[in-house]
Structures are given as C-alpha cells and as structure tokens.
Amino acid sequence: MAETIHIYHTNDLHSHFGNWPAIHAFLAERKRWHEEEGDFCIVLDIGDHVDRSHPYTEGTAGKGNVELLNKASYDAVTIGNNEGITLSKEELDDLYAEADFDVILSNLTDVNGERPAWAKPYKIIRTAEGKRIGLVGATAEFTPFYERLGWKVTGAREAILRSVEAIKDQTDFIVCLSHLGVREDELLAEACPDIDLILGAHTHHIFHDGKMVGDVLLGAAGKFGAYLGHVMIEDDLKKKKAYLIETEKLENPDEKYDEKLRKKGRELLDEAVFYNGAALKADWFHDSEMAQLFGKAMIDFSGADCALFNAGLFMEDMPLGEITRYDFHQMLPHPINPCMIELTGAELKEIYLQSMNSDWPQLELKGLGFRGVVFGKMIRTGMDMINHQLYINGKPAQGEKKYRLITLDMFTFGYFFPEFKRSPKTYFMPEFIRDVFSTYFADKIVK
C-alpha cells in the first residue's frame with residue numbers, strides 16, 4: 001500500500017502563543033503516529049510567526065520564536081513581512097542562525113543581488129518510499145520598506161515560477177509556501193499549474209476544506225494559531241485534500257504558557273531608560289501631555305515641521321518612577337515606523353480637514369501594524385486651523401510651499417489619506433515609534 005504524505009502547516013501566528021503548547025503536543029503525537037503507520041510527515045510555517053508586539057519576541061529579536069519552531073520539529077518555513085521588515089537587516093541575518101529547519105524564500109536578496117546565506121529558493125524532500133516533494137516559497141513585496149533596510153525584494157510570482165521551473169523535472173509533487181495573500185495565490189495557481197499545493201498566508205484567510213483552482217489545491221489556516229492546517233496526499237500522489245484542526249479543541253498541556261513567555265520578555269527588557277518625575281496619562285479620545293510629547297519626539301527625531309498621529313497608539317499610562325524598555329514596549333507595542341511626507345501647504349490643509357473625521361476615533365482598526373483597540377482622536381503637533389487658515393508652528397501656511405509632515409507608516413497605504421500614497425516620502429527604519437519616544441526621553445528630558 002502506497003504511503004500517505006501528511007503536511008501540517010501554520011501561518012500568521014503573530015506571536016500569539018496561547019495555543020502553541022497544544023500545537024506542539026499535537027504535532028509530536030501525529031508525527032509518531034504517522035511513522036508507526038509507515039506514512040510520511042512534513043511540518044511547515046508560512047510566515048509571520050514573529051510579531052514584536054509580544055515582549056518575548058521583542059526581547060529575543062525573534063530568536064525565541066525560532067527556538068519554538070525548532071522544538072516543534074518544523075521542516076521548513078518562509079518569512080512574512082513581520083520577519084522581513086520589522087527586524088533590522090542585521091537581526092534578520094541572524095534570526096535563523098540556530099534554526100534546525102530550512103527557510104524557503106526565492107524573492108529576497110542583498111542590494112547587490114546575492115541571496116542571504118540563510119535562505120534557499122527551493123528544497124526537495126524525499127519520503128521513505130522515494131517520493132520527491134519540492135518546496136518553493138516567497139514573501140509579500142513591501143518594496144520601499146525592504147529597500148530602506150538594505151534588502152531587495154523581487155517579484156514573488158516570477159521568482160516562484162523560476163524555482164518551479166528549476167525543480168519540476170526533479171520532483172513528483174510541488175508545494176508553494178506563499179506569504180502573498182489569497183488573491184496572489186489564486187493568480188499563481190492559474191499561472192503555474194505545475195504547482196500541486198499552495199499553502200497561503202498574509203491575508204489571514206481561511207479555507208476549511210481547501211480550495212481548488214484548476215488542479216492546484218489551496219490551503220490556509222487563518223491567524224493567531226486558531227487553526228492548524230493538514231493536507232493529506234494519497235493514492236500515489238493522485239489524491240489530495242485539505243482541512244483545518246481547531247486548536248482550542250486540542251489538549252493544551254500548559255494553559256499559562258503565554259503568561260510565562262511574557263514574564264521572560266519583561267525580564268529581557270528590564271533596562272532602565274530614564275526616571276519619570278511625573279506620571280503621564282494615556283487618553284484615546286482627547287489631546288494629552290503624553291500625546292504632545294510624542295509629537296515633539298517625532299519632530300525632534302525627523303526634523304519635520306509638524307506631526308500627525310492617532311491617540312489610540314498609547315496602550316498604557318507612563319507611571320511615576322523608573323521607566324524601562326519594557327514600559328515603552330507596553331505603551332507602544334506596535335511594529336510601526338515613522339514616515340516623513342512632503343506636502344504643499346494646500347495639501348496639508350486638506351489632510352488636516354480629513355483628519356477631523358468624526359467617525360475615526362471609535363474605529364476598531366485591525367491590521368496595518370496597529371496593535372491597539374480603537375483608532376482614537378487624531379493628534380496634530382505643530383499645526384492648527386483658525387478661521388479656515390492653516391498655521392504651521394504659528395505661521396500661516398503658504399499654499400505652494402513644501403512642508404515636511406512626520407506621521408506613521410500605516411497611514412501611507414492610502415486607507416485614511418489617499419494623498420500620502422502619491423506624495424514623496426521617507427520611511428525611517430528600523431526605528432519603531434517606541435524607539436523614537438524612548439530616545440527622546442533618554443536624550444532630552446533627563447538632560
């Protein structure tokens with residue numbers, strides 16, 4: 001009887017570790033079970049396992065996540081944007097130094113075109129009966145962000161097609177690890193019928209029973225470890241089916257696992273930044289001293305004329321006393337970078353008016369790097385509107401004059417301010433907004 005090949009996959013965990021002990025234990029049990037049955041098992045992660053909003057990931061620069069993947073005996077992964085653009089180039093280069101698995105990634109190189117030593121464009125796994133399973137993979141093209149970090153990200157679909165062409169005559173079944181999003185997966189399936197299975201991520205989509213596009217099977221397991229994907233390949237590779245396992249229904253050997261990792265993260269981040277002589281209150285729906293200090297920090301950091309951001313960023317108050325890296329992480333857990341945008345006075349006036357949208361403060365924003373609860377009030381530092389006249393630092397804004405606005409990278413995707421997508425901009429990387437704020441206090445407030 002021909003062996004059955006079992007492929008288990010996770011994606012977009014985003015450092016939600018609550019169900020990880022259940023996933024780990026289940027995979028270990030299934031691997032033993034499949035080996036006893038004479039079947040073959042492969043375990044894959046499709047990216048964004050790392051999320052620096054978790055203190056353990058922040059404290060270990062993602063290497064703690066790699067250790068978890070090692071212990072769970074993963075065979076291969078690809079990277080998501082959270083591994084790729086929320087770590088510095090040096091941190092990403094070091095992230096997989098102790099990995100016991102391969103990183104399958106075909107569309108990332110150094111600026112000189114050399115593939116990083118830790119990445120492979122493809123991998124071929126032989127089963128016990130000699131079946132050749134090819135793995136290819138790619139990540140989403142956040143081009144300007146990768147460029148600012150010293151990387152070059154190329155067209156994902158084209159890179160995958162090249163990898164498939166390189167291995168199709170050496171393989172019996174090809175699996176694509178795709179951190180590209182559901183629409184790109186569908187287009188890839190149409191463009192490359194030589195792929196047998198696409199395991200998707202990035203858009204957090206769910207296929208409970210897979211999805212067929214032509215003869216290509218698509219699988220996807222949502223986000224945050226709520227599901228574990230399972231694909232069975234049977235009948236000498238002629239039959240394939242996908243389904244999801246709900247991890248909350250699995251036995252969890254350690255219900256306090258996430259709590260323990262958070263404690264470790266706090267210990268790793270227990271580095272004093274400064275002594276705070278007066279407590280500052282976070283306020284999502286009003287201007288506040290904390291918000292204005294943050295605006296000043298952003299302007300001081302960038303040299304901009306004015307700042308614009310949302311008050312929902314602040315997740316914790318700043319208490320009286322010694323403030324550590326952990327405290328700043330808890331205040332601003334978001335993997336968000338500052339971005340400076342060049343706008344004319346007329347454009348800036350229009351942005352100001354758009355920012356007064358009364359629906360935004362209560363908006364429950366998801367994605368875009370935001371890790372808060374609600375969007376909150378828009379805060380403007382260095383600009384004001386009086387009798388329909390925009391003032392920049394107390395002076396009337398000139399319609400054609402260019403001004404520099406410092407804001408958040410999440411606003412540049414065009415959802416809130418379409419003009420930002422078209423305007424000249426500079427992303428500051430790898431600094432997160434919490435780094436800007438903590439440095440301001442360390443360098444300015446205490447001196």
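Both backbone and side-chain heavy atoms feed into the values below; hydrogens, waters and symmetry mates do not. Numbers for residues simply follow the sequence, beginning at 1.
Looking only at distances, no side-chain donor or acceptor of H14 sits under 3.5 Å from a matching main-chain atom of H16. Formation of a donor-acceptor pair under 3.5 Å by the E83 side chain with backbone atoms of H49 is found in this model. Between the N337 side chain and the M429 main chain, no donor and acceptor come within less than 3.5 Å of each other. Of the possible donor and acceptor atoms, none in the side chain of N11 sits under 3.5 Å from a partner among the backbone N and O of G47. When atom types are taken as modelled, the side chain of W284 and the backbone of Q362 share no donor-acceptor pair closer than 3.5 angstrom. One N or O on the side chain of K31 and one on the backbone of S73 form a donor-acceptor pair closer than 3.5 Å. Judged by distance alone, with hydrogens and angles left aside, the side-chain atoms of E259 form no donor-acceptor pair with the main-chain N or O of E255 at under 3.5 Å. Side-chain atoms of D236 never come within 3.5 Å of backbone atoms of A2 as a donor-acceptor pair (strictly under, hydrogens ignored). Judged by distance alone, the side chain of N107 and the main-chain N or O of V153 form no donor-acceptor pair under 3.5 Å. A donor-acceptor pair is defined here as one N or O able to donate and one able to accept, closer than 3.5 Å; no such pair exists between the side chain of R157 and the backbone of E184.
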* Run the numbers on R52 and R434 for side chain to side chain contact (heavy atoms under 4.5 Å, CB included), then give the verdict. => CA-CA 12 Å; R52 289 181 60 183; R434 60 176 167 268; 3.8 Å; yes
* After noting the C-alpha distance and the side-chain angles of D327 and T324, does the key distance pass the side-chain hydrogen bond (donor to acceptor under 3.5 Å, both in side chains) rule? -> CA-CA 5 Å; D327 294 316; T324 65; 3.2 Å; yes
* To do: Output, in order, the C-alpha distance, side-chain angles, deciding distance and verdict of side chain to side chain contact (heavy atoms under 4.5 Å, CB included) for T247 and F26.
  => CA-CA 9 Å; T247 56; F26 180 84; over 6 Å; no
* side chain to side chain contact (heavy atoms under 4.5 Å, CB included) evaluation trace for T439 with E431 -> CA-CA 10 Å; T439 299; E431 297 89 354; over 6 Å; no
* Evaluation steps, side chain to side chain contact (heavy atoms under 4.5 Å, CB included), between K240 and M212 -> CA-CA 10 Å; K240 54 193 175 185; M212 295 300 300; 4.2 Å; yes
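Taking 4.5 Å as the limit, every side-chain heavy atom of R266 sits out of range of all side-chain heavy atoms of R262. F101 is listed as a side-chain neighbour of Y96, based on a closest heavy-atom distance under 4.5 Å. Two residues are said to be in side-chain contact when any heavy atoms from C-beta on lie closer than 4.5 Å; I133 and F40 fail this criterion. Put simply, the side chain of L108 does not reach to within 4.5 Å of the side chain of T139, judged on heavy atoms. Contact annotation: the side chain of Q354 never approaches that of E419 to less than 4.5 Å [non-hydrogen atoms, C-beta and beyond]. Side-chain contact between F294 and L313 is present, with at least one heavy-atom pair separated by less than 4.5 Å. A 4.5 Å side-chain heavy-atom check between W360 and L365 finds every atom pair outside the cut-off. You'll find the side chain of D12 reaches within 4.5 Å of the side chain of D48, heavy atoms only.
Taking CG of L363 as the start and CG of N357 as the end, the distance is 9.0 Å to the nearest 0.5 Å. Interatomic distance, I104 CD1 to L44 CG, rounded to the nearest 0.5 Å: 8.5 Å. For the atom pair NE2 (H9) and OH (Y227), the distance works out to 13.0 Å, reported to the nearest 0.5 Å. With values rounded to the nearest 0.5 angstrom, L199 atom CG is found 10.0 Å from T10 atom OG1. Summarising the geometry, atom CG belonging to L69 is positioned 5.0 Å from atom CH2 belonging to W20; distances are rounded to the nearest 0.5 Å. To the nearest 0.5 Å, atom CD1 of residue I85 and atom CD of residue E147 are 12.0 Å apart.
Among all heavy-atom pairs drawn from D317 and L280, the shortest one is CB-O, 3.4 Å. Scanning both residues, Y122 and I167, for their nearest heavy atoms gives CD1-CG2, 3.3 Å. Between Y427 and P144, the shortest heavy-atom distance links the atoms CE1-CB, 3.9 Å. Scanning both residues, I341 and K425, for their nearest heavy atoms gives CG1-CB, 4.0 Å. Across every non-hydrogen atom of H179 and A201, the tightest pair is ND1-CB, 3.4 Å. Scanning both residues, E186 and L218, for their nearest heavy atoms gives CG-CD2, 4.0 Å.
Counting non-hydrogen atoms of neighbouring residues, nucleotides and ligands closer than 6.0 angstrom, the OH atom of Y243 exceeds 12 such neighbours. Environment of CG in D215: sparse, with no more than 12 heavy atoms of neighbouring residues, nucleotides or ligands closer than 6.0 Å. Counting non-hydrogen atoms of other residues, nucleotides and ligands closer than 6.0 Å to CD of E165 gives a total of 12 or fewer. Within 6.0 Å of NZ in K89 there are more than 12 heavy atoms belonging to other residues, nucleotides or ligands.
Checked against the 6.0 Å centroid threshold, H329 and F432 do not count as a close aromatic pair. Ring-centre distance between Y8 and H34: below the 6.0 Å cut-off. Close placement of the F411 and F417 rings is indicated, their centers lying within 6.0 Å of each other.
For the pair E67 and K71, the salt-bridge criterion is met [side-chain N within less than 4.0 Å of a carboxylate O]. Note on D254 versus K260: salt bridge recorded, some NZ/NE/NH1/NH2 to OD/OE distance being below 4.0 Å. At a threshold of 4.0 Å, the pair R371-D51 counts as salt-bridged, since one of the basic side-chain nitrogens sits closer than that to a carboxylate oxygen. At a threshold of 4.0 Å, the pair K377-D283 does not count as salt-bridged, since none of the basic side-chain nitrogens sits closer than that to a carboxylate oxygen.
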